[in-house]
Visitor: 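Quick one: the structure is below, and I'll ask about it shortly.
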Amino acid sequence: MCGIVGYTGKNQAITYLLEGLQTLEYRGYDSAGVAVLSPDGGLHGVKCAGRVSTLVERCKTANLVGTTGIAHTRWATHGAPTDRNAHPHMDCSGRIAIVHNGIIENFRELRSYLSRNGHELVSDTDSEVIAHLIEDAWKGPAAGDLVAAVRNACQRLEGSWALAVTCADVPGKLVCARKGSPLVIASTEDGAYAASDVTPLAAISSHVIQLDDDQFALLVEDGSVTVFDREGMEVANPSTIDIDWDASAATLGGYADFMAKEISEQPEAIERLLKDRLGKHGIEMDELSMTSEELAAIDRIYLVACGTSYHVCLIARDMIESWAKIPTLCEYASELNYKEPLVTDNTLCVIVTQSGETADTLTAARRMRALGCKVFAVTNVLGSTAARESDGTLYVQAGPEVCVASTKAYTAQMVACALLALRLAFAKGEMDRNEVGRHFHNLEALPDLIREVIARRWQDKHAAQVFRNARSALFLGRGVNSTTAYEGALKLKEISYLHAEAYPAGEMKHGPIALLEPGFPVVTVVPADHIHDKTVSNIQEVIARGATCVAVATDGDRDVAALCHDVLWIPPVPEERLIPIVAIVHLQMLARYVARARGRDVDKPRNLAKSVTVE
Ligand code: M6R
């Protein structure tokens, strides 16, 4: 949700702090702030509501000189996105500053305790209490020991946190802490760097330390980093991770926005994922960490995720049930957390999460594991919490996804789930090597088919005009492409702020048809599949009511061409179950064009954040 960075070293801190915030801005963009320990012995900072770019402008005249500092970009939970509520937060003396990602659940009790004891709290946030608790510890039991003061303060917190703390009385040092929110640290000759995730560190080091829950780190200006556990004992071998991301992957590289860039990267992402996957015995997937016998014994699968990743689960369910013949349930993580899942001795739980940090998904995974399930993660972000807490992880290797609206991770996750379904089908004896190979070759056709769709983006640009004066839209599709409709509607909603609703096309007549009136936009996914004619009938019903139909259809479909206002053409896809992976690309581009026509910031839609680390 929020992004935090910290630095102590030889260089001026402000450079990394502002660049790091810009890279992490997809984690939140309600307000931003920075505090630097200046050579005069004081802590100086700037913070403001709005984007990091506003902070950068303010910093130009603030003369923030110093080689140790912390910074933050916020997604507001407690307290409005104002200057006052922006991080860093200070203690009463103004000598301790903290930045926080997470939620302090007991902040009300702590606030009243602190106020009763003479502290003056100036913001409406939950985070500010942390600075004052550290102040208490610094003046009392942990005098002179910043790590101990932070540890002492954390013992009083309930909730989740990633913290970076600086103190004017401890120059050249930073303390970080983690519980439930990610934090990574790079140790280099130039100094020590902290960040919420690896994205800002990719250009700095290829090897980073990942703090585990209840760990603390002392970062020193000579670049050294020492990790401590909750008892204050040094951790001999902290968790580390190698970053194999090309730092330029998180830059625009000539594209107008990250969404355009990430849409265009889909073919290569799928190629990377498929590379060397087909072996003598079917799909190679050592990541599953399960023997063939264990796989063959699986009798139920729970697919668990949120948002776009949940839509991946809907597609995956169909593949697993039809190829591997394993009964499969899909659950929104936020709903599963309040249900009683029916787990057997051989139930597998698969979580799908681009960021690997979605709080609802992590909670659901922990719960399923406590019920005895093996948990397998399909994720994009290296070393994410989902990966670290799961029995096995399949990385989708889509590269950093910066745009808040997920595109390349969506298609890569669907392909990853197809591989999983084929692996299960083979283990279950439902497919032999040849059959798996045939499906695999169909997957290999996808990158070129997607390239072809991307080359037809002018069709989406044209169709976007249909939405110019619209206030709402309906998305329809049948079978696996009802999911394409759901995902298309979600994309349109989140980046254009235009209301969109999705339904299985056959359900329209049971209610949503009442919405239709002349000019009302209806997007219908009607590819060449076994239910094509039924969906064409639904288009007829739409047209009969004067609504404007935009279709996603397969090349050469004259019926659809004759009926619809605009057609977004896809080339023929060799297997029906894979059509969603190609068809969605048009709806991603359509959403982007509609949003741009409405003047929206497609990469950073309002109220959203890339990884939702609160429940
Ligand atoms: O990182 P995750 O895949 O767990 O994120 C889940 C959702 O928050 C995410 O897919 C969200 O719906 C996207 N903004 C959709 O574009």
Side-chain angles (χ1 to χ4, degrees), residues 1 3 25-29 75 181-182 196-199 257-259 262-263 266 269 303-316 330-337 349-366 375 377-390 393-396 398-414 416-417 483-484 486-497 500 502 584-585 587-592 595 600-615:
M1 303 306 288
E25 197 172 16
Y26 62 86
R27 297 180 66 91
Y29 32 85
W75 185 82
S181 292
S196 293
D197 66 47
V198 297
T199 327
D257 46 68
F258 280 103
M259 186 172 190
E262 288 159 9
I263 288 172
Q266 294 181 99
L303 298 170
V304 182
C306 301
T308 285
S309 294
Y310 176 78
H311 296 153
V312 173
C313 295
L314 298 177
I315 297 291
C330 286
E331 293 282 0
Y332 283 116
S334 54
E335 291 291 314
L336 183 65
N337 290 336
C349 171
V350 179
I351 55 169
V352 181
T353 165
Q354 187 285 134
S355 62
E357 301 296 346
T358 301
D360 288 322
T361 307
L362 295 176
T363 305
R366 287 171 194 141
V375 175
V378 175
T379 188
N380 188 34
V381 176
L382 233 61
S384 54
T385 307
R388 294 161 67 190
E389 293 188 1
S390 297
T393 300
L394 178 56
Y395 285 112
V396 302
E401 193 179 62
V402 175
C403 176
V404 166
S406 185
T407 53
K408 64 176 178 176
Y410 179 61
T411 46
Q413 286 173 160
M414 285 192 282
C417 288
T483 302
T484 309
Y486 297 144
E487 175 60 11
L490 177 61
K491 287 283 96 72
L492 187 70
K493 256 188 290 229
E494 71 177 330
I495 62 169
S496 73
Y497 318 151
I584 191 59
V585 178
L587 299 187
Q588 295 168 346
M589 296 191 293
L590 177 68
R592 178 176 172 274
R600 310 300 188 210
D601 178 343
V602 297
D603 286 340
K604 298 190 186 78
R606 70 184 178 201
N607 303 336
L608 288 166
K610 185 69 184 162
S611 58
V612 184
T613 55
V614 293
E615 285 180 36

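Treat the numbers as computed from the prediction; the structure is a model and nothing was measured. Computation of the quantities below employed the complete heavy-atom set of this structure, encompassing side-chain atoms and omitting hydrogens, waters and symmetry-equivalent molecules. When a ligand or atom number is given, it counts from 1 through the structure's own listing order.
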Visitor: Can you list the residues that meet the side-chain contact (heavy atoms from CB on, under 4.5 Å) rule with A502, with sequence neighbours excluded?
Guide: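 For A502, the residues satisfying side-chain contact (heavy atoms from CB on, under 4.5 Å) (neighbours in sequence not counted) are F475, A485, Y486, A489.
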
Visitor: Please examine the side chains of V404 and Y29, heavy atoms only from C-beta on, and report whether any two atoms are closer than 4.5 Å.
Guide: yes

Visitor: Are H311 and Y410 close enough that some pair of their side-chain heavy atoms sits under 4.5 Å apart?
Guide: yes

Visitor: Would you say T358 and ligand 1 have an N/O pair spaced under 3.5 Å apart?
Guide: yes

Visitor: So which heavy atom in the protein is nearest atom 8 (O) of ligand 1, and how far is it from that ligand atom?
Guide: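 Result for atom 8 (O) of ligand 1: V612 CG2, 4.0 Å.
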
Visitor: Any idea which protein heavy atom is nearest atom 16 (O) of ligand 1, and the distance to it?
Guide: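 That would be E494 OE2, 2.4 Å.
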
Visitor: Under a 3.5 Å distance rule, please check whether S309 uses its side chain to pair with a backbone N or O of A305 as donor and acceptor.
Guide: no

Visitor: Using a strict cut-off of 4.0 Å, indicate which atoms of ligand 1 neighbour a heavy atom of A405.
Guide: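 Counting from 1, the qualifying ligand atoms are 16 (O).
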
Visitor: Consider every N or O of V404 and every N or O of ligand 1, then say whether any pair is closer than 3.5 Å.
Guide: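 There is such a contact, yes.
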
Visitor: Should Q413 be counted as touching ligand 1, given the test is an N or O pair under 3.5 Å?
Guide: no

Visitor: Ion pair present between E401 and K408, side-chain N to carboxylate O less than 4.0 angstrom?
Guide: no

Visitor: Classify the contact between E357 and ligand 1 as side chain, backbone, both or neither, using a heavy-atom distance cut-off of under 4.0 Å.
Guide: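 Looking at E357 and ligand 1, no heavy atom falls under 4.0 Å.
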
Visitor: Is the closest side-chain heavy-atom distance between D603 and V402 below 4.5 Å?
Guide: no

Visitor: Specify the protein heavy atom at minimum distance from atom 15 (C) of ligand 1: its residue, its atom name, and the distance to 0.1 Å.
Guide: T308 OG1, 3.0 Å

Visitor: Looking at atom 7 (C) of ligand 1, what's its closest protein heavy atom, distance included?
Guide: C306 O, 3.7 Å

Visitor: Using non-hydrogen atoms of the residue, decide whether K491 is closer than 4.0 angstrom to ligand 1.
Guide: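 K491: in contact with ligand 1 (<4.0 Å).
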
Visitor: Would you call the rings of Y310 and Y332 parallel, tilted or perpendicular if under 30° counts as parallel and over 60° as perpendicular?
Guide: parallel

Visitor: Of the protein's non-hydrogen atoms, which lies at the shortest distance from atom 1 (O) of ligand 1, and what is that distance?
Guide: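 Looking only at protein heavy atoms, the one closest to atom 1 (O) of ligand 1 is S355 OG, 2.7 Å.
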
Visitor: Could you grab the distance from atom OG of S355 to atom NZ of K610, nearest 0.5 Å is fine?
Guide: 8.0 Å

Visitor: Are any of the N/O atoms in Q354 less than 3.5 Å from those in ligand 1?
Guide: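 Such a contact does occur with ligand 1.
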
